[in-house]
Amino acid sequence: MNKYIPSQIEPKWQKKWAENGVYLTDLSETKNKYYVLVELPYTSGDLHMGHWFTFTMGDILARFKARQGFNVLFPNGFDAFGLPAENAAIKKGIHPRDWTYQNMERMRVQFETLGASIDWTKTMVACDPKYYKWNQWIFLKMLERDLAYRGKLMSNWCPSCQTVLANENVENGKCWRCGNEVEQKEVDQWLFRITSYADRLLWSDPPQADWPKSLREGQNDWIGKSEGMEIEFPVVQDTSKLKAYTVFPETIFGVTYMVLAPEHSLVRKLVVKDREKEVEEYIRVSQKKSELERKAEGREKTGVFTGAYCINSVNGKKVPIWIADYVLADYGTGAVMGVPSSDHRDFEFARKYGLEIIRVIGKSASDQSKVLLMDDVLEEGILVNSEQFSGLKTPEEAREKIKDWLEEKGWGKRQVQYHLHDWSISRQRYWGTPIPIIYCEKCGTVPVPEKDLPVELPYEVDYAPKGKPPLATAEDWVNTECPKCSGPAKREVETMDTFVDSAWYFFRYLDPENDAEIFDKKIAKAWMPLDIYIGGPEHTLGHALYSRFFTMVFKDLGLVSFDEYAKKRIHHGTILGPDGSRMSKSRGNVVNPDMEVKNYGADAIRLYLMFLGPFDIVTSWNPDGVNGVYHFLQRVWGLQEKVTTNSVILGSEATPESKEDSGQARMTQIDLRIMHKTIKKVTEDIEQLKFNTAIASLMEWLNHLSRKDRIEVEEYKVFLLLLAPFAPHITEELWENVILGSEATPESKEDSGQARMTNNWSIHQQSWPKSDSKFLEEEEVSVVVQVNGKVRDILVIQKDVISDKEVVETRALESKKVQKFLEGKSMKKTVYISGKVINFVVNSD
RNA sequence: GCCGAGGUGGCGGAAUGGUAUACGCGAUAGUCUCAAAAACUAUUAGUCGCAAGGCUGUGAGGGUUCGACUCCCUCCCUCGGCACCA
């Protein structure tokens, strides 16, 4: 027997699998389909442990389901657009496309090293015009339906570079490139109207698909639906009206001031002359504040009085109008009614600036106590000082009544608000999908006609120009013809957010070469939704929301018939460095999978990652841990010496019949029970994604097999089949050497090489073993004997009397260990749970 | 602050109302060896005891139950996400 040397067998099988198309999926075969998806990797350069972890999970599921007779699709592609490629270009002078494709090539090889059963004929690469053409097509469809529009949005703006910066390019409030202070500025952007889908995107209870709770609740909070009221406050000095949004209209009698966001459109109109200077200064300072700075300040409230007043219609009260940056311009109306007695922020503000505080919610109907401390602020209770509404419980009774009344009087109207904003897709960068828009002096903004797609990204550009996006430097590309009037026109120089690429890629895997449509509807109907989608929790509010939005848009476009594209999504864990912190080059704690493969082989790495713990585990890489599973694989390898083949042992005595069941004939009841128990356990565990305990049960079986002198082919065969999804290479090698070897006659063995190749020769083409419950039953069962809940003895009881309480009780009372604890006590009762435990309850004194 | 997930041996973890610590790592002792490595065998929650055996023990405290890692309440801590959302 040869030694187990992974480096000698793994590449050999990887090549054979590829050459023989073992993992190709026939998409026209739609019966029993199973579509496994792992979030596509970004083309960062190398596969890291996280990729190994998640793709091994996907691979195990793909292999397992295929063995069970499902027609499995397990594709992969590359998220190839994005900032890092452009940063590499700026810092290292390598073109983003070259950088990306080099990385991709390396990663393709690494995926092969991992032994993943990926079907690479169904793939996509985000930076390939063949793919991003359809991003552009989607953009045009969105435009047609008014789901894409040009709007303004606050952004990080570097006045020196004259450009918008991503949050990650703002370092301590300064531009990463030039070090200048970053400002907040309103910038024109292309936006997707995801807010139109806010209600549809909300998760219901029970959920419409089996997605993680944390994701569902996170998305719902993010969408932030609130049903409140917009209330009008006439301004004293002129005829204008302030509109404030509130979800607590029942506190309307407690309004003592109004606050506007600094950016509110009426600010400059309202402010009285002698306060202009102060107000201007406040606005200037608050606009300079970046989000980071505002956070750093904590919640210290600041504001300034405008000198203007408005009227609270419900009681005719004249209230002052203030400006404060704790009010957000882009939520609600940008104006808030100040009710310091029932809102903690309003209370803080009112206390700081000495504004009036009137209690409107009390602990009882007669509660007239002063609101002096934060703890005195009440959001719920009994309304007081609220005229005809005093005495009503809020929110239960008062809220809807006041809403009705305000609407009746015409002072307010019901309004639904969302925290969710429209999705800004404009990026002033090179390495992304060009937005298919042409600006014509005569015709204005003109969409690129569908027949002219894709608008291809030009190769020659300056990636780091000052004051304009990189694409603007490709003048030959920018200057074009207007599709409408053929006059001179310029192309849009912004590119799309890369989240657009990943919002629908799983549809394209199904039909990657289609040049006529985004994907074939029939194939999509048969293969979608995904059966399982493995991804990271960090995508809860980004990718995982955008992809749901796109799917809903696709449904409205008639491309698909469902809202949710994945029946099940799971959040995988994270493999930390050996020091327990996130792996990163700067910390120097990166475990390189290539090196580990060199030392232990891919099978051991896969097995180790899966054995670490549950799929969502966040834990560190233990360099010694791999030894354990490597050792396990070596023992599996070594076991082949003990395998006795039927032909050798049975010799001439073997009749056809006896040969058939001879494998089992020499397996004892215990052997059979362990085998079938393990089949059951591994099968159930993989189904529940409990890969760690599946492996543990294989280890237990291995321990049993190791104690035996002889192992039957049947046992070894089943063992290899169960291990195959986890460790595809070693099992394939042993399958060929031991199993196929034992089944072949001397003659057929000679020329079998070719013949076997064409017809289910691989272990990864065999059926999954089935567990037979008749082997699982045991004749004896151990029953725990407890006295007052403490274990005192363990009885072995024959199966046929196990349900007879009296028999078990008698046996238990015979036990000296038990008697010792019953002596001198009086029996209160006896509890017997059949086959498990008998508990004597006695007086404890 | 809010939302979500957690807290079990020296370590990764197992057990979701019924023998707590499966499986693995590490450690200790032994076998083999000139020796080491590897491999194999045994032990390995704490504590008292020569032993038999006892007691304690799943973040802390309380509760429900014949019986709680598991269910309920209060609190502490860790991780992830979000946050001046009116």
Side-chain angles (χ1 to χ4, degrees), chain A residues 212-222 224-226 228-229 244-249 251 259 261 291 294-295 297-302 324-328 330-339 342-346 348-349 417-420 536-541 571 573-574 576 607-608 611-614 616-629 631-632 634-635 638 690 692-703 706 782-794 817 820-821 828-842:
Chain A
K213 191 179 176 191
S214 62
L215 177 145
R216 289 185 275 117
E217 302 203 345
Q219 290 193 345
N220 278 4
D221 287 352
W222 185 250
K225 183 176 182 175
S226 77
M229 200 152 200
Y245 177 76
T246 179
V247 292
F248 303 101
T251 63
V259 215
E291 229 171 280
R294 285 204 194 182
K295 272 181 194 166
E297 283 171 8
R299 295 173 182 218
E300 175 70 15
K301 307 271 174 297
T302 61
D325 63 9
Y326 81 86
V327 178
L328 307 174
D330 51 9
Y331 184 77
T333 59
V336 170
M337 57 185 216
V339 187
S342 287
D343 181 286
H344 292 96
R345 288 157 306 176
D346 293 348
E348 237 183 287
F349 190 76
Q417 277 295 331
Y418 298 94
H419 168 232
L420 184 71
E538 70 275 16
H539 291 120
T540 295
L541 305 180
H571 285 165
T574 314
L576 306 170
L607 211 52
Y608 171 65
F611 185 59
L612 264 177
D616 56 356
I617 193 177
V618 176
T619 194
S620 48
W621 177 272
N622 174 6
D624 291 329
V626 195
N627 277 327
V629 288
H631 184 205
F632 166 75
Q634 275 177 320
R635 289 174 66 201
K690 291 161 77 176
N692 55 332
T693 50
I695 295 166
S697 69
L698 283 168
M699 287 174 167
E700 284 180 72
W701 190 16
L702 175 78
N703 288 341
S706 301
S782 52
V783 173
V784 171
V785 186
Q786 299 179 334
V787 177
N788 283 349
K790 285 195 177 180
V791 179
R792 295 306 177 186
D793 202 359
I794 294 163
K817 292 177 187 168
K820 211 170 99 182
F821 291 92
K828 280 167 74 182
K829 70 168 159 174
T830 308
V831 180
Y832 177 55
I833 307 298
S834 183
K836 285 186 173 168
V837 64
I838 183 159
N839 189 12
F840 296 109
V841 186
V842 298

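All values below were derived from every heavy atom in this structure, side-chain atoms included, with hydrogens, water molecules and symmetry-related copies excluded. Throughout, a chain's letter reflects where its sequence line sits, starting with A, and its residues are numbered from 1.
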Reckon [X] touches a base, only the sugar-phosphate, or nothing at all at heavy-atom distances under 4.0 Å?
{"X": "A/Lys225", "result": "nothing"}
{"X": "A/Pro614", "result": "sugar-phosphate"}
{"X": "A/Thr246", "result": "sugar-phosphate"}
{"X": "A/Leu215", "result": "nothing"}
{"X": "A/Leu698", "result": "nothing"}

B/rC84 base / A/Lys301 side chain donor-acceptor hit below 3.5 Å:
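A donor-acceptor contact between them is present.
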
Calculate the interatomic distance between [X] atom [atom1] and [N] atom [atom2]; express it in whole Å.
{"X": "A/Asp221", "N": "B/rG4", "atom1": "CG", "atom2": "P", "answer": "8 Å"}
{"X": "A/Ile833", "N": "B/rA68", "atom1": "CD1", "atom2": "P", "answer": "13 Å"}
{"X": "A/Met229", "N": "B/rC85", "atom1": "CE", "atom2": "C1'", "answer": "19 Å"}
{"X": "A/Leu576", "N": "B/rG80", "atom1": "CG", "atom2": "P", "answer": "9 Å"}
{"X": "A/Lys829", "N": "B/rC66", "atom1": "NZ", "atom2": "P", "answer": "4 Å"}
{"X": "A/Asn220", "N": "B/rC85", "atom1": "CG", "atom2": "P", "answer": "18 Å"}
{"X": "A/Asn839", "N": "B/rG67", "atom1": "CG", "atom2": "C1'", "answer": "6 Å"}
{"X": "A/Gln634", "N": "B/rA39", "atom1": "CD", "atom2": "P", "answer": "7 Å"}

Which way is the base of B/rG9 turned, syn or anti, if we draw the line at 90° from 0?
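Nucleotide B/rG9 adopts syn.
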
Between protein and nucleotides 19-26 of chain B, what N or O pairs are separated by less than 3.5 Å?
| residue | atom | partner | partner atom | Å |
| --- | --- | --- | --- | --- |
| B/rU19 | O4 | A/Ser782 | OG | 3.4 |
| B/rA22 | O2' | A/Glu700 | OE2 | 3.3 |
| B/rG24 | OP1 | A/Asn703 | ND2 | 3.2 |

Say you pick atom [atom1] in [N] and the same atom in [M]; how far apart are they, in whole Å?
{"N": "B/rG6", "M": "B/rU70", "atom1": "P", "answer": "14 Å"}
{"N": "B/rC72", "M": "B/rG4", "atom1": "P", "answer": "14 Å"}
{"N": "B/rU47", "M": "B/rG57", "atom1": "P", "answer": "15 Å"}
{"N": "B/rG53", "M": "B/rG26", "atom1": "P", "answer": "32 Å"}

If pairing requires Watson-Crick or G-U wobble contacts with both distances under 3.5 Å, which nucleotide is the partner of [N]?
{"N": "B/rA5", "answer": "B/rU78"}
{"N": "B/rC84", "answer": "none"}
{"N": "B/rC66", "answer": "B/rG18"}
{"N": "B/rU56", "answer": "B/rA45"}
{"N": "B/rC50", "answer": "none"}

Can you tell me which nucleotide in B/rA86, B/rC85, B/rG13 comes closest to the side chain of A/His419?
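Nearest listed nucleotide: B/rC85.
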
Pairwise N/O distances under 3.5 Å, protein to nucleotides 52-56 of chain B:
| residue | atom | partner | partner atom | Å |
| --- | --- | --- | --- | --- |
| B/rC55 | OP1 | A/Arg792 | NH2 | 3.3 |
| B/rC55 | OP2 | A/Arg792 | NH1 | 3.2 |
| B/rU56 | OP2 | A/Lys790 | NZ | 2.8 |

Restricting both atoms to N or O, compile the protein contacts to nucleotides 28-30 of chain B shorter than 3.5 Å, with distance only.
none

